[in-house]
Amino acid sequence: MKIATIVGARPQFIKAAPLSKTLREKHREILIHTGQHYDRGMSDVFFQQLGLPLPDFQLAAGSATHGRQTARMLEGIEEILLQAKPDIVLVYGDTNSTVAGSLAASKLHIPIAHVESGLRSYNRAMPEEINRVVTDHLSSLLFCPTDQALRQLKAEGIEQGVHLVGDIMVDGVQANLGIALKQSSILETMQLAPRSYCVATIHRAENTDSPHAMEQILKGLSSLGDTVILPLHPRTASCLEKWKLTAQLGRKGFIRVCDPLPYLDMLRLCHHAKAIITDSGGLQKEAYLLGVPCLTIRKETEWVETIDAGWNRLLPAESLAIQDAYAALSRPAAAPSLYGDGNTASRIRKLIEAYMLTMQ
Ligand code: UD1
């Protein structure tokens with residue numbers, strides 16, 4: 001079987017690594033990198049650390065408006081698929097790379113398998129929500145991380161090809177946490193004691209594109225009374241410049257800004273953190289898997305189970321709300337298994353194999 005895997009953004013490298021490994025034991029995988037993320041720290045370093053094979057095809061979609069970026073990818077992916085003739089196309093998550101891959105494959109009548117299917121925020125102002133709705137409706141195989149995802153697909157009339165497989169990020173955390181704890185020296189480099197600091201990441205357009213929201217978030221983070229490590233996504237860095245908030249950052253003694261961190265450093269840093277404050281999807285889940293309480297600066301989340309379990313809380317981008325919620329943080333006694341057992345990759349491989357048999 002020939003599988004074309006499409007990746008392009010940082011979280012997709014993390015999700016693709018375990019599945020790529022198991023697929024390549026038996027099948028031919030062609031890896032297509034759209035070039036959505038292209039900085040070394042946002043892309044190359046993840047391939048190295050996760051043992052993800054180098055891409056067979058590298059597009060240079062780069063950064064642009066959503067339409068232009070997606071269009072560039074669509075054109076490039078179509079050409080590759082026409083040439084490579086894969087049996088199935090594998091896409092991950094909800095980025096512009098995901099929807100470009102799905103559109104290209106569906107127009108060529110190549111079946112699509114979507115990993116991390118069925119998630120919804122029910123907020124169509126998010127580009128990711130549009131990407132995942134379109135991709136789910138085009139996919140033949142829909143791999144859901146949770147029961148909730150399954151129910152959400154059913155509500156949209158999608159029941160065929162839907163499978164509950166657990167979350168592929170569990171595979172990633174299980175495979176890499178031990179390595180991270182041994183190999184990363186991030187705590188020593190940053191001179192941090194375990195549980196004495198908080199890790200924050202902010203990159204969603206709804207926050208970064210609003211100077212008021214960004215100012216409030218920085219104000220909130222600087223008033224927690226603990227050191228806050230803030231690895232800056234390039235989008236956030238340029239917005240802080242644009243909103244003239246970088247000077248303010250320098251004045252806030254508690255916030256320590258750094259470049260985006262490699263996966264292993266980020267895992268160890270988060271594992272020992274007192275709390276995580278984020279607007280990322282993946283990090284909310286990683287916080288839960290690592291047993292670290294999380295505050296999410298968004299109006300809604302796709303990972304509702306973390307909220308129900310008491311490990312995550314949604315907050316507006318308001319400094320006092322952040323400060324109060326941080327002061328009130330506690331670690332719930334129980335952390336039920338919400339996202340599967342870490343065997344998601346092999347489960348997906350078997351389901352793809354079974355599906356391809358039915359197609360012969
Ligand atoms: C994308 C995904 C988002 C995911 C995130 C992970 C979409 C719509 N969004 O958002 O779901 O959570 O990736 O990081 O696909 N930039 C660089 N260097 C890079 C990459 C980006 O400088 O290597 C800068 C550019 O200024 C660019 C901006 O970051 O305009 C945004 O990048 P883009 O890939 O468009 O979206 P993300 O915000 O990363």
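Indexing begins at 1, ligand by ligand and atom by atom, following the structure's order.
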task: Using distance alone, decide if ligand 1 has a nitrogen or oxygen within less than 3.5 Å of any nitrogen or oxygen in Thr95.
output: no
message: Give me the nearest non-hydrogen protein atom to atom 17 (C) of ligand 1 as residue plus atom name, then the distance to 0.1 Å.
response: Tyr38 OH, 3.2 Å
field: Numbered atoms and elements of ligand 1 in range of Met42, under 4.0 angstrom, heavy atoms
entry: 23 (O)
message: For Tyr355, is there any backbone N or O sitting under 3.5 Å from a side-chain donor or acceptor partner on Thr358?
response: yes
statement: Ranked by distance from atom 11 (O) of ligand 1, the top protein heavy atom is Glu128 OE2, 2.7 Å
field: Any N or O of Asn131 closer than 3.5 Å to N or O of ligand 1
entry: no
Identity and distance of the protein heavy atom lying nearest atom 6 (C) of ligand 1: Pro11 CD, 3.5 Å
message: Run Arg151 and Glu156 through salt bridge (charged side-chain N to carboxylate O under 4.0 Å, His left out) and show every step you take.
response: CA-CA 9 Å; Arg151 285 194 293 273; Glu156 291 175 26; over 6 Å; no
- request: Rounded to the nearest 0.5 Å, what's the gap from CD1 on Ile168 to CG on Leu19? Could you check?
  value: 5.0 Å
field: Per-residue contact class, Ser97 against ligand 1 - non-hydrogen pairs under 4.0 Å
entry: neither
message: Nearest 0.5 Å, please: how far is NZ in Lys21 from CD in Glu25?
response: 7.0 Å
Charged N-O contact under 4.0 Å between Glu29 and Lys2: no
task: Write out the residue and atom name of the closest protein heavy atom to atom 24 (C) of ligand 1, then the distance separating them to 0.1 Å.
output: Pro234 CB, 3.7 Å
message: Tell me the protein heavy atom at minimum distance from atom 8 (C) of ligand 1, and give that distance in Å.
response: Asn96 OD1, 3.4 Å
- request: Nearest 0.5 Å please: distance from the CG atom of Leu267 over to the NE2 atom of His272.
  value: 10.5 Å
message: Please work out, at 4.0 Å between heavy atoms, whether the side chain, the backbone, both, or neither of Asp94 comes within that distance of ligand 1.
response: side chain
- line: A student checking ligand 1 against His233 at a 4.0 Å heavy-atom cut-off should list atoms 14 (O), 29 (O), 37 (P), 38 (O), 39 (O)
query: Are any side-chain N or O atoms of Arg313 and backbone N or O atoms of Leu295, one a donor and one an acceptor, separated by less than 3.5 Å?
result: no
field: Pair Trp303 and Tyr288, ring centroids less than 6.0 Å apart
entry: no
message: Can you report which non-hydrogen protein atom sits closest to atom 18 (N) of ligand 1, along with the distance?
response: Asp39 OD2, 3.0 Å
- request: Scan side-chain atoms only and decide if Ser280 and Thr201 contain a donor-acceptor pair under the 3.5 Å cut-off.
  value: no
- request: If you have a sec, work out which protein heavy atom is nearest atom 33 (P) of ligand 1 and how many Å separate them, to one decimal?
  value: Gln36 NE2, 3.9 Å
message: Could you work out, for atom 35 (O) of ligand 1, the closest of Gln69, His203, Arg10 by heavy-atom distance?
response: Gln69
- prompt: Quick one: does Arg235 get an N or O within less than 3.5 Å of an N or O on ligand 1?
  reply: yes
message: Counting the benzene-type ring for Trp, do Phe13 and His33 have ring centres under 6.0 Å apart?
response: yes
task: Rounded to the nearest 0.5 Å, what's the gap from NE2 on His163 to OG1 on Thr344? Could you check?
output: 13.5 Å
field: Region of His37 engaging ligand 1 - heavy atom pairs below 4.0 Å
entry: both
- prompt: Are any side-chain N or O atoms of Arg349 and backbone N or O atoms of Thr22, one a donor and one an acceptor, separated by less than 3.5 Å?
  reply: yes
- prompt: Among all protein non-hydrogen atoms, which one is nearest to atom 25 (C) of ligand 1, and what is the separation to 0.1 Å?
  reply: Ser63 OG, 3.2 Å
- prompt: Looking only at distance, does Ser238 have an N or O less than 3.5 Å from an N or O of ligand 1?
  reply: no
- prompt: What about His66: any of its N or O atoms under 3.5 Å from an N or O on ligand 1?
  reply: no
